[in-house]
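For reference, the structure discussed in these notes is given below.
Nothing here was measured: the structure is a model prediction, and the numbers come from that model.
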Amino acid sequence: MPELPEVQTVVNGLTKKISGKVFSDAKISVKKMVSTNLKKDIKNKKVKRVIRRAKMIVIELTQDKYLVVHLKMTGQLIFVDIKGKAFGGGHPIESKEIEFTKPNKYTHVILNFKDGSRLLYNDVRKFGWLKLMSKEEYNILSNRHGIEPLAKEFTLSRFKEILKKRPNSKIKQFLLNQELIVGLGNIYVDESLFKAKIKPFRRVYTLKGNETDRLYKAIKLKLFTAIKFGGTSVNTFVSISGERGKFVNKLKVYGRGGMKCLRCKNELTKIKMGGRGTVYCTKCQK
DNA sequence: GTACTTGTTGAACG
DNA sequence: TCGTTCAACAAGTA
């Protein structure tokens, strides 16, 4: 369930590892997860840099090509160096998980570099994808997505403008809509709304100025802090208790339905909103 | 067998 | 046509 901070963590790790490397070939065992041109076109392309756009990993290649990877719920992109040491999600994988330096039953794509190192794409549920696209295709994809909440253009007044576009939306669904603001998923929406003391089903137009202000600050704070802690790896990667992103210890409401509110001791309520599990405090979120 | 998990998309509605 | 909600889908776990 990688959201913005998790994807950023992967990107931060990857960029150090693979910038300047040249792809040699690709081994694809699950064809539907990759674009048909990938196997042929990845050869001899060099990695210029790795960036994040929304929840996608974007590997910029020479000749104006873009390798775009979406991890969806359970995808992992693991870099394995020439010595066989693996790095995933920005965290070195400890020796007890040495088997993940080798392809396993969840490894569906292997991208080899000319120097013998490689990238493994693992995905338990096969929801993710890897697409090799042109600059035009990438721009179209990027333009379908909204503003980056950590970019300096995302100011409070900009946030208010975007809120005005969907006055009747429930605030949770507004925040999950990637066409408006990108990167927030179920975890960080629930956490931000708790921090801002706003109930998830409040309509956007009912938010007071000070609430909007609190929410704006909460979103930025939660995302920044989560990146600092290496994301929230609720590690669904088989049953191995891997290197968990340390933000998991900072969660205030996500996954805590029925437990006590850490702010007011009230029992946290869990409901469904738009098919998503949603946890909030009926007492201190207004 | 069934409920549950999330990001995304497309259908259906008013 | 638009905003909004809902269902479906991917595939596996508990």
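Taking the six-membered ring wherever Trp is involved, the centroid distance between the rings of A/Phe159 and A/Phe154 falls below 6.0 Å.
Comparing atom distances between the A/Phe127 side chain and each of C/dA11, C/dT5, C/dG12 picks out C/dA11 as nearest. Listed nucleotides: C/dG12, B/dT8, B/dT5. Nearest to the side chain of A/Lys72: B/dT8. Considering only side-chain atoms of A/Glu3, the nucleotide from B/dT6, C/dT4, B/dG7 that sits closest is B/dG7. Listed nucleotides: B/dT5, B/dG7, B/dT9. Nearest to the side chain of A/Arg125: B/dT5. Across B/dG7, B/dT5, C/dA11, the shortest atom-to-atom separation from the side chain of A/Lys55 is found for B/dG7.
In this structure, A/Asn122 places its CG atom 14 Å from P of C/dG12, rounding to the nearest Å. Across the protein-nucleic acid pair, A/Tyr106 atom OH and C/dA10 atom P stand 18 Å apart, rounded to whole Å. As rounded to whole Å, 15 Å separates atom C1' of B/dT8 from atom CZ of A/Arg53. Computed from coordinates, the A/Lys272 NZ to B/dA3 P distance equals 11 Å when rounded to whole Å. Atom pair A/Ile271:CD1 and C/dT5:P shows a separation of 13 Å (rounding to whole Å applied). Put simply, CD1 on A/Ile171 is 12 Å from P on C/dT5, counting in whole angstrom units. Between the C1' atom of B/dG7 and the CE atom of A/Met33 lies a distance of 14 Å, rounded to the nearest Å. In this structure, CZ of A/Arg144 is placed 13 Å from C1' of B/dG7, rounded to the nearest angstrom.
Donor-acceptor pairing under 3.5 Å is recorded for the side chains of A/Thr74 and A/Asp123.
A/Arg203 pairs by the salt bridge (charged side-chain N to carboxylate O under 4.0 Å, His left out) definition with nothing, not counting sequence neighbours. For A/Arg49, the salt bridge (charged side-chain N to carboxylate O under 4.0 Å, His left out) partners are A/Glu60, not counting sequence neighbours. Take A/Tyr66 and apply the ring-ring contact (aromatic ring centres under 6.0 Å, His included) test, not counting sequence neighbours, and it matches A/Tyr138. Scored by the side chain to side chain contact (heavy atoms under 4.5 Å, CB included) test, A/Lys197 finds A/Arg214, A/Arg263 as partners (sequence neighbours excluded).
Contact check, A/His70 against B/dG7: no side-chain N or O comes under 4.0 Å of OP1 or OP2. Phosphate contact (OP1/OP2 of B/dT6, side-chain N/O of A/Tyr254, threshold under 4.0 Å): present. In terms of phosphate contacts, A/Arg276 brings no side-chain nitrogen or oxygen within less than 4.0 Å of OP1 or OP2 of B/dC4. Dashed line: the shortest gap from a side-chain N or O of A/Lys32 to OP1 or OP2 of C/dA11 is under 4.0 Å. OP1 or OP2 of C/dG3 has not a single side-chain nitrogen or oxygen of A/Asn168 nearer than 4.0 Å. Taking only side-chain nitrogens and oxygens, A/Arg203 comes nearer than 4.0 Å to OP1 or OP2 of C/dT5.
Taking a cutoff of 4.0 Å between a charged side-chain nitrogen and a carboxylate oxygen, A/Arg53 and A/Glu148 qualify as a salt bridge.
Although no hydrogens or angles enter the test, the distance criterion places no donor-acceptor pair under 3.5 Å between the side chain of A/Glu211 and the main chain of A/Ala196.
Nearest heavy-atom pair, A/Phe23 versus A/Val47, reported as atom, atom and distance to 0.1 Å: CE1-CG2, 3.7 Å. Taking both residues in full, the closest heavy atoms of A/Glu179 and A/Arg144 are given as CG-O, 3.6 Å, listed atom of the first, atom of the second, then distance.
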When you compare the protein's N or O atoms with those of nucleotides 12-14 of chain B, which come within less than 3.5 Å of each other, and at what distance?
none

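The residue among A/His108 and A/Pro167 whose nearest nucleotide of DNA chain C lies closer to the 5′ end is A/Pro167.
Shown for residues 172-185 of chain A: residues whose heavy atoms fall under 4.0 angstrom of DNA chain B, namely A/Gln178, A/Gly185.
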